[in-house]
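Read through the structure below, which is laid out as structure tokens, and then see the notes.
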Amino acid sequence: MNQNYINGRFVEGATARDNINPSDTSEVVGVYTQANAEQTREAIDVADKASIGWAQSTPQQRFDVLDTIGTELLARKAELGELLAREEGKTLPEGIGETARAGQIFKFFAGEALRLSGDKLASVRPGVEIEVVREALGVIGIITPWNFPIAIPAWKIAPAICYGNAVVFKPADLVPGCGWALADIISRSGLPEGVFNLVMGRGSVVGEEILTNPKVKGVTFTGSVATGQHVAATCAGRMAKFQLEMGGKNPLIVLDDANLDIAVETAVQGAFFSTGQRCTASSRLIVTEGVHDQFVAAVIKRLESLKVDNALSDGVHIGPVVDESQLAQDMDYIRIGQEEGAKLAFGGERLERATKGFYLSPALFTETNNSMRINREEIFGPVASIIRVSDYDEALSIANDTEFGLSSGICTTSLKYASDFKRNAKAGMAMVNLPTAGVDYHVPFGGSKGSSYGSREQGSYAAEFFTTVKTAYILP
Ligand SMILES: NC(=O)C1=CN([C@@H]2O[C@H](COP(=O)(O)OP(=O)(O)OC[C@H]3O[C@@H](n4cnc5c(N)ncnc54)[C@H](OP(=O)(O)O)[C@@H]3O)[C@@H](O)[C@H]2O)C=CC1
Ligand SMILES: O=C(O)CCC(=O)C(=O)O
């Protein structure tokens, strides 16, 4: 059994669960222990003690630890990418790519540990000097979702350690394997015991303890809007710092002047790859009428060429949905869309394959409008809608008419529209001739409106959340 990692030791939890392969539900990927609230408290106590020493560690110590973790992740990307594909259902190339991204993130933050700087200013009072420095927060609680089981933990754990904090990490209960593999790698990295702790288990048990324990000074969360709101209310209630990354209903505008091949590939990748299970997925394809019919026909042709099957099979483009309940949610929305009057132009069917899994053909709705539930609520599956518009102005207005604001995109060859879109898209990320999903690892990631709360993740902007600022006045 794979155990929790607390105070530098692997320890059994209160219960255990089987980790099931969504491509083949007869396969148990592994058995993983689950912590109860008491064991979570123990991990938080240990982290609290260890945080004092780690906050004093040198940039070189932090660099060495983070670089070592990154090196092992990159060296084992094929093996860990396969584990990821087996437990989450991403295709093998996607799993390997995500693992490599996790390795690069640790390497990036290794470098950041050496670059942490402050400010020195003259005071308005004669002879006084001022220093502004960033200090660690203490214990950071990390709560992650199932859809990026190694990259999202990496982009929260690496900066937490980089800026001198201790960590209590709870991976999503559906995908403990990648979280455990990260703990295993971290256990060999030279990080002092207690600085990093893994507590696998349910959000309602382990997660709740992390949210409510006064020793946890900051919580970084990615997941659903409902849970995010609960994280916010609980943390604000006890004045802990928190950062949320939640859903998206990301628009991709396709203008008449777009390069059609680029637009089709951008839309299909952004909407359907990784089984559409990305908060950055292009779920609303907003298309001007001059190119609408041609674009729809070309997207359908491309969808016909995609292979949906076991995530580990050769040549697969789309793996299974992550589990039964997410599949039920996807199918519900496919029914709702039809009841709302949208035309199901392609897919949306449960598929049988050689292995028993949660396979769904990519679903494309046409003849939709932006008030339909399928265009307002996050579905989180391989389902996208086309919204027909008359011109760029209408397209932009519909793109921005959403509660969310994570990512957005436009396909156009017009510099004028591309520039206008970058300025006026109400989202944290704006892509031109690129999918709304699939971001770089060294620049800020996050959104506006209902998608995100708090400061940005990733890149050097991550320092904002994982540190607190101290201003020191000195009269030498
Ligand atoms: N923005 C994004 O990237 C994601 C969005 N989603 C959206 O959310 C929907 C549901 O997915 P789901 O996995 O249930 O999302 P959740 O928000 O429930 O899960 C995200 C994480 O929060 C944990 N959690 C759940 N309840 C609590 C709690 N009370 N206190 C602290 N932590 C808690 C979960 O634990 P555990 O699951 O282990 O019990 C998991 O680790 C999806 O269909 C999708 O629409 C989902 C994943 C990612
Ligand atoms: O699109 C990406 O690269 C990241 C997406 C993501 O973080 C998410 O879906 O939670």
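Since we're looking at a predicted model, the values are computed, not measured. Computed from heavy atoms alone, side chains included, the values below leave out hydrogens, waters and symmetry copies.
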query: Does D184 pair with R188 as a salt bridge, N-O distance under 4.0 Å?
result: yes

query: H317 and E94: side-chain donor and acceptor closer than 3.5 Å?
result: no

message: Between N250 and S408, is the side chain to side chain donor-acceptor pair (under 3.5 Å) condition met? List the steps.
response: CA-CA 5 Å; N250 310 291; S408 61; over 6 Å; no

Electrostatic pair R373-D332, nearest N-O below 4.0 angstrom: no

query: Who are the ring pair (Phe, Tyr, Trp, His ring centres under 6.0 Å) partners of Y5, not counting sequence neighbours?
result: F10

task: Apply salt bridge (Lys or Arg N to Asp or Glu O under 4.0 Å) to R101 and D440, showing your working.
output: CA-CA 9 Å; R101 178 170 166 183; D440 281 14; over 6 Å; no

task: Salt-bridge test for R76 and E79: reply yes if a basic N is under 4.0 Å from a carboxylate O, no otherwise.
output: yes

query: Looking at the rings of W155 and F106, which for Trp means the six-membered one, are their centres under 6.0 Å apart?
result: no

- prompt: Any Lys/Arg nitrogen of E98 or K90 sitting under 4.0 Å from an Asp/Glu carboxylate oxygen of the other?
  reply: yes

message: Regarding R353 and D24, does a basic nitrogen lie under 4.0 Å from an acidic carboxylate oxygen?
response: no

- prompt: With no hydrogens and no angle check, do the side chains of N370 and R284 hold a donor and an acceptor under 3.5 Å apart?
  reply: yes

- prompt: Do T71 and T68 get their side chains close enough for a donor-acceptor pair, meaning under 3.5 Å?
  reply: no

field: Ring center gap for Y32 and W180 short of 6.0 angstrom
entry: no

message: Under a 3.5 Å cutoff, is there a donor and acceptor pairing between the side chains of T436 and S407?
response: no

